[in-house]
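Below, chains carry the letters A, B, ... as their sequence lines are ordered, and counting in each starts from 1.
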Protein chains: 2
Amino acid sequence: MGAMGQLRVFSSIVVLDLLPLNQNISQNFAPVNPMKSQTIIGLQNIFSSRLDTLGHLLDVAESHFGDDVQSLLQSRIAPDMLPFGTQIAFTCNQPRNFALWCLEQSENNLNPDVASLAEARGHLSSTQELLTTINVTDARLLEIKRIDFGQGLYVELPGFSYVDDFLMPNFYFHMTTAYDIMRMAGLPIGKRDFMMHFVPLIKHQSDS
Amino acid sequence: MGAMGQLRVFSSIVVLDLLPLNQNISQNFAPVNPMKSQTIIGLQNIFSSRLDTLGHLLDVAESHFGDDVQSLLQSRIAPDMLPFGTQIAFTCNQPRNFALWCLEQSENNLNPDVASLAEARGHLSSTQELLTTINVTDARLLEIKRIDFGQGLYVELPGFSYVDDFLMPNFYFHMTTAYDIMRMAGLPIGKRDFMMHFVPLIKHQSDS
């Protein structure tokens, strides 16, 4: 993610600062640290927009199931898998712990028992809020993150690998499993609802 | 030349010339320059390691279900969702089309009907092979990718957004849904099997 986010930085700097000047690119670039904040901003955007999607899915579930939405919270793909409510909490835990790590605070997972839709929405909004408090440079992604799994087991890896190899697979895993549980429960949603963040980018060739 | 064309030119200059300026930040990583060429390589690694995981999951499915593995290929989460075999093909389509884009070739999706485990494995290995043929610099990720959806609908976005906002959500969506179908079918697997790429990173504190 590190290098990728940097490309993102470069592109905005190019657009904002370099295009009008168009000369001596290195010099114009020098005062701006291209590692600054864009990667982190990119991650904030990825997490935040997907949490918006989850909020959208909860809205559809509520309007479709009405009072039966409570039973959705306890639905699961397999008897020994985690129920829908917990999938929402675990989805939130990834951006949550990412934000806490950026803030140099300890990991802190949400209560896995999500008893109501209001509680699920509360998790989404508290996570969104926490994401907005991140205020570090992209250099944070080169620092080492340690994850403890108990029983003496741990992983130490650079921040960008923490994001790519731990947070993102977990984030999409729990978000997709929440979606799959909703589909299994008969909610009339489709791939477009999962890809809500992408929909605003779609154009029609007749647009000028 | 439009703004985007200029962006393209500048971006490769930026990537090639300015990256060494960041070295103070990456001092902890001194032997490896994390900015240099890591992005494409990083994506190859992400895709490739997760495809290895899918191969592992197919092995477990085959040894568990034996001849019944055929029916797994047709299993789905909901009647109007795609079956397991298609989820495998669609998972592969993401790194496949990424590689084709890097190679400046047109999109080309796999046959969604996957009739046997051998065919599923063939898709994994042909995708792995295609990934190894990518031979572009990270500047490719600043170039514009166009995705056509038919009926005049399309998206144009920079390569890094193509990866973050289209390929990765789709990749993990189909991989997770394949996993969820296996769980629903009773395969004795767990989160660890989904996170196989991560397992080698786990250490024990008694290790020196």
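For the options A:G190, A:G152, A:A78, heavy-atom pairs under 4.5 Å to chain B are most numerous at A:G152. Counting heavy-atom pairs under 4.5 Å between each of A:D165, A:I77, A:T177 and chain B puts A:D165 at the top.
Considering every non-hydrogen atom in both A:Y179 and B:M81, the closest pair reads CE2-CE, 4.1 Å. Nearest heavy atoms, B:M184 versus A:M184: SD-SD, 3.6 Å. Across every non-hydrogen atom of A:K191 and B:F173, the tightest pair is CE-CD2, 3.5 Å. Closest of all the heavy-atom pairs between A:D164 and B:R50 is O-NH2, 2.9 Å.
Residues A:M175 and B:T176 fail the side-chain proximity criterion, which asks for heavy atoms closer than 4.5 Å.
Neither the backbone nor the side chain of A:I181 comes within contact range of chain B; no heavy atoms are under 4.5 Å apart. With a 4.5 angstrom heavy-atom cutoff, B:L157 touches chain A only via side-chain atoms. Only the side chain of A:F194 comes within contact range of chain B, with heavy atoms under 4.5 Å apart.
Listed by first and then second residue, the side-chain hydrogen bond (donor to acceptor under 3.5 Å, both in side chains) pairs that reach into residues 71-86 of chain A are A:D80-B:R183, sequence neighbours excluded.
Atom OH in B:Y162 sits 14.0 Å away from atom CG in A:L201 (nearest 0.5 Å).
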Could you walk me through whether B:M195 and A:F166 pass the side chain to side chain contact (heavy atoms under 4.5 Å, CB included) check? CA-CA 8 Å; B:M195 294 289 284; A:F166 187 80; 4.1 Å; yes
Show, in sequence, the C-alpha distance, side-chain angles and deciding distance for B:F198 and A:I147, and conclude whether the side chain to side chain contact (heavy atoms under 4.5 Å, CB included) test is met. CA-CA 12 Å; B:F198 196 73; A:I147 313 172; 4.0 Å; yes
